[in-house]
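Okay, so here's the structure we're looking at.
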Amino acid sequence: MELTQETPDLSAYLAADEVIDHRHPRVRETAARLAKQAVDSYAYAQSAYEFVRDTIPHSADSGDLRVTWRASDVLEQGTGICHAKAHALAALLRAEDIPTALCYQKLDLVHGLVAVRLHGAWHRQDPRGNKPGVDAQFSLDGERLAFTPDPESNELDYPVLYDEPHPAVLGALQAAHDRPHLWKTLPTAL
């Protein structure tokens, strides 16, 4: 699949905003701690990915009813669904000047991922969190995502790389008072 930037200007994929708030002290502190241990951008990107994937539980797996959407809140509260975890990873990567996009899959509901630009190309990564039957890994040599869409079930990968969260996804996250409410309002397609 050919990934397509929604915004041609690569600097848009380094920007901070209300959601990917990589200038927030919590994000800066976490990024600095991870960067100290990394020898290069690739090692930092992998470290940030594994940090978000492994230390911030997916709220559905952990049973946490809270809904987070802002990157700093995900890091502070230590919980989030796939979209929130993607926002946190994007903020950590952008904090260290690694262009990062948000991207999506259509499964039962829209699933959130990131794409990181390293070595002159975009590479999708899924920080959702592993569990039995899910083994996502950081990779620049072929995708190792949590899920592979099943075309027979009308599932698909969206090729667009967004510099900001999709409005339908963000609106559902912001309006949800808890995770059960969120499951009823997350979009099933973009």
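Values reported hereafter were calculated over all heavy atoms of this structure, with side chains retained and with hydrogens, waters and symmetry mates removed.
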Check your understanding: Going by atom types alone, do Asp73 and Thr68 pair a side-chain donor with an acceptor below 3.5 Å?
Key -> no
Point to revise | Asp9 versus Thr7, side-chain donor and acceptor atoms under 3.5 Å | key: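 No, no side-chain donor-acceptor pair sits under 3.5 Å.
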So that I can tick it off, tell me whether [Y] and [X] are bridged by a salt bridge, with the cut-off set at under 4.0 angstrom between side-chain N and carboxylate O.
X	Y	result
Asp61	Arg128	yes
Arg144	Asp135	yes
Asp64	Arg66	yes

Sub-3.5 Å donor-acceptor pair from the side chain of [X] to the main-chain atoms of [Y], do we have one?
X	Y	result
Arg53	Asn130	no
Asp178	Leu65	no
Thr55	Phe51	yes
His111	Cys82	no
Arg28	Ala95	yes
Glu155	Asp150	yes

What heavy-atom pair brings [X] and [Y] nearest, and what distance separates the two atoms?
X	Y	result
Ala176	Leu182	CB-CB, 3.7 Å
Ala31	Leu92	N-CD2, 3.8 Å
Arg26	Leu75	CG-CB, 3.8 Å
Ala84	Gly80	CB-CA, 3.9 Å
Ala146	Ala136	N-CB, 3.7 Å
Tyr44	Leu34	CE1-CB, 3.7 Å

Side-chain heavy atoms nearer than 4.5 Å, only ILVMFWY residues, links allowed to pass through others: does that put [X] and [Y] together?
X	Y	result
Leu107	Val134	yes
Leu89	Val67	yes
Leu170	Tyr104	yes
Leu102	Leu14	no
Tyr158	Phe147	no

Exercise for review: Report, as yes or no, whether the 6.0 Å neighbourhood of atom CZ on Arg23 holds more than 12 heavy atoms from other residues, nucleotides or ligands.
Suggested key: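 Result for CZ/Arg23: open.
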Could you give the distance from [atom1] ([X]) to [atom2] ([Y]), rounded to the nearest 0.5 Å?
X	Y	atom1	atom2	result
Tyr162	Gln5	OH	CD	13.5 Å
Asp97	Ser11	CG	OG	11.5 Å
Thr188	Asp108	OG1	CG	9.5 Å
Glu6	Asp163	CD	CG	6.0 Å
Arg179	Leu186	CZ	CG	11.0 Å
Leu173	Arg70	CG	CZ	11.5 Å

Exercise for review: Given side-chain contact (heavy atoms from CB on, under 4.5 Å), test Val52 with Val74 step by step and report yes or no.
Suggested key: CA-CA 9 Å; Val52 172; Val74 174; 5.9 Å; no
Do [X] and [Y] come within less than 4.5 Å of each other through their side chains, counting heavy atoms only?
X	Y	result
Ile81	Trp183	yes
Gln105	Leu113	yes
His83	Val110	yes

Practice item. Could you check whether the rings of Trp122 and Tyr13 sit parallel, tilted or perpendicular, using 30° and 60° as the cut-offs? Key: perpendicular
Review point. Checking side chain to side chain contact (heavy atoms under 4.5 Å, CB included) against Cys103, which of His166, Gln125, Arg124 comes through?
Key: Arg124
Point to revise | Ring centroid separation Tyr42 to Phe138 under 6.0 Å | key: yes
